[in-house]
Amino acid sequence: LRPQTPDVRLALTNLTRPGNATTGIILSLGIGLTVLSATALVENNMARLLRADISDDTPSFFFLDVEPAQKDAFEKTVLALPSARKLMLTPSFSGRIVAVNGKKAEDALVDAGEDWVIRSDRGFTTAKELPSQSRVVEGAWWGNDNASVTPRISIATNVARAFNIGVGDTITVNIMGSDITAEIVNVREINWGSFVMNFAVTFAPGVLDKIPANHLGTIVIDEKYDDELQKAVTRDFPNITIVRVRDVLETAQGFVRAVAL
């Protein structure tokens, strides 16, 4: 039975005739819908992760290059501000991983996807307590145990994966021209998305204590006092770089929204 209306007859013919575009059109619609669905899911997941990463531990500001002579005055200035709390100042040493188990770092690398560990200078620190937003997945934290005379380090799972190493292996780090070989005593899984300060390689107290170091700082403060804090720090400590975490989050969220659009 042939439809009498020419438009309907033409439409049905195009659906069934040899060489018609029906298959291609349906495939295009399916792929398009898949892409749109995937984009929406990615955008939603990224936005959810950004929201979930905000917690009571999330700092309001990062401070870079707090010099040793400024440390006490800086603490006094920022903690005098209303609602300022959870100030953390962590020594930071710039250096480079030069060897792993006595083998040149470039040759010891087994995961090319983690080559950031050897591409340039990295930040190292020393800590007595287990850093926030990280947990030990291999070995044990050193706590108050200062009996060992051998330099000891804690590494992130990223570093362990880069060289396929773990507890008992050694890493040699060059800091200020001196090579320091340390034994790995634990491996940590770090939540890098938490905005809490963490280092991929952390030394146990002792070996770096006498090396002069600038400090990195974080602080939590109510948003309405953000401007007051920035003015106080830039006025009294012009060399210190201030990074407002809320600005970083807003930029990231704006990027996610732009991707979705």
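By convention here, the first residue in the shown sequence is residue 1. None of the values given here were measured: they were computed from a predicted structure.
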Inset, instruction - Check step by step if side-chain contact (heavy atoms from CB on, under 4.5 Å) holds for V220 and S60. - result: CA-CA 5 Å; V220 179; S60 304; 4.1 Å; yes
Inset, instruction - Could you tell me which residues satisfy side-chain hydrogen bond (donor to acceptor under 3.5 Å, both in side chains) with E114, sequence neighbours excluded, listed by chain and number? - result: W116, R161
Measure the spacing between [atom1] of [X] and [atom2] of [Y] and express it to the nearest 0.5 Å.
X	Y	atom1	atom2	value
I184	E138	CD1	CD	8.5 Å
R96	D121	CZ	CG	5.0 Å
F61	I240	CZ	CD1	13.0 Å
L41	L36	CG	CG	11.0 Å
K224	D226	NZ	CG	11.5 Å
S134	N191	OG	CG	9.5 Å

Mind listing the closest non-hydrogen atom pair of [X] and [Y] along with its distance?
X	Y	value
G95	F124	C-CE1, 3.4 Å
V207	P151	CG2-CG, 4.1 Å
P82	E228	CD-OE2, 3.9 Å
Y225	S83	CD1-OG, 3.3 Å
F163	A105	CE2-O, 3.6 Å
R188	L130	CD-CD1, 3.8 Å

Legend entry - Residues I97, I171; criterion side-chain contact (heavy atoms from CB on, under 4.5 Å); working and verdict: CA-CA 7 Å; I97 296 175; I171 288 181; 3.9 Å; yes
Would a hydrophobic clustering, with Ile, Leu, Val, Met, Phe, Trp and Tyr connected at side-chain separations under 4.5 Å, put [X] with [Y]?
X	Y	result
I118	F93	yes
L89	F62	no
I211	F203	yes
I175	V100	yes
V245	V243	yes

Legend entry - Pair F74 and F63, ring centroids less than 6.0 Å apart: yes
Inset, instruction - Begin with the C-alpha distance, continue with both residues' side-chain angles, and end with the deciding distance and a verdict on salt bridge (Lys or Arg N to Asp or Glu O under 4.0 Å) for R119 and D115. - result: CA-CA 6 Å; R119 272 204 306 264; D115 64 344; 2.7 Å; yes
For the side chain of [X] and the backbone of [Y], is there at least one donor-acceptor N/O pair under 3.5 Å apart?
X	Y	result
T125	P91	yes
W142	A127	yes
N198	S132	yes
N101	K103	no
D107	K104	no

Legend entry - Candidate list I155, L216, I190, T126, test side-chain contact (heavy atoms from CB on, under 4.5 Å), partner F199, passing option: L216
Side-chain contact, heavy-atom cut-off 4.5 Å: [X] with [Y]?
X	Y	value
L109	V117	yes
L33	S37	yes
L81	I221	yes

Legend entry - Sidechain N-carboxylate O distance under 4.0 Å for R152, E183: no
Inset, instruction - Decide, yes or no, whether a salt bridge links D222 with R85 under the criterion of side-chain N to carboxylate O below 4.0 Å. - result: yes
Legend entry - Residue pair N186 / S154, side-chain donor-acceptor N/O under 3.5 Å: yes
Inset, instruction - Answer yes if the side chains of Q70 and D236 hold a donor-acceptor pair under 3.5 Å, and no otherwise. - result: no
Legend entry - Contacts of R235 that satisfy salt bridge (Lys or Arg N to Asp or Glu O under 4.0 Å) - sequence neighbours left out: none
Inset, instruction - Show the numbers, then the answer: is there a side-chain contact (heavy atoms from CB on, under 4.5 Å) between K71 and H215? - result: CA-CA 8 Å; K71 184 172 177 288; H215 287 71; 3.9 Å; yes
Legend entry - side-chain contact (heavy atoms from CB on, under 4.5 Å) between L29 and I25, worked out: CA-CA 6 Å; L29 289 172; I25 291 172; 4.1 Å; yes
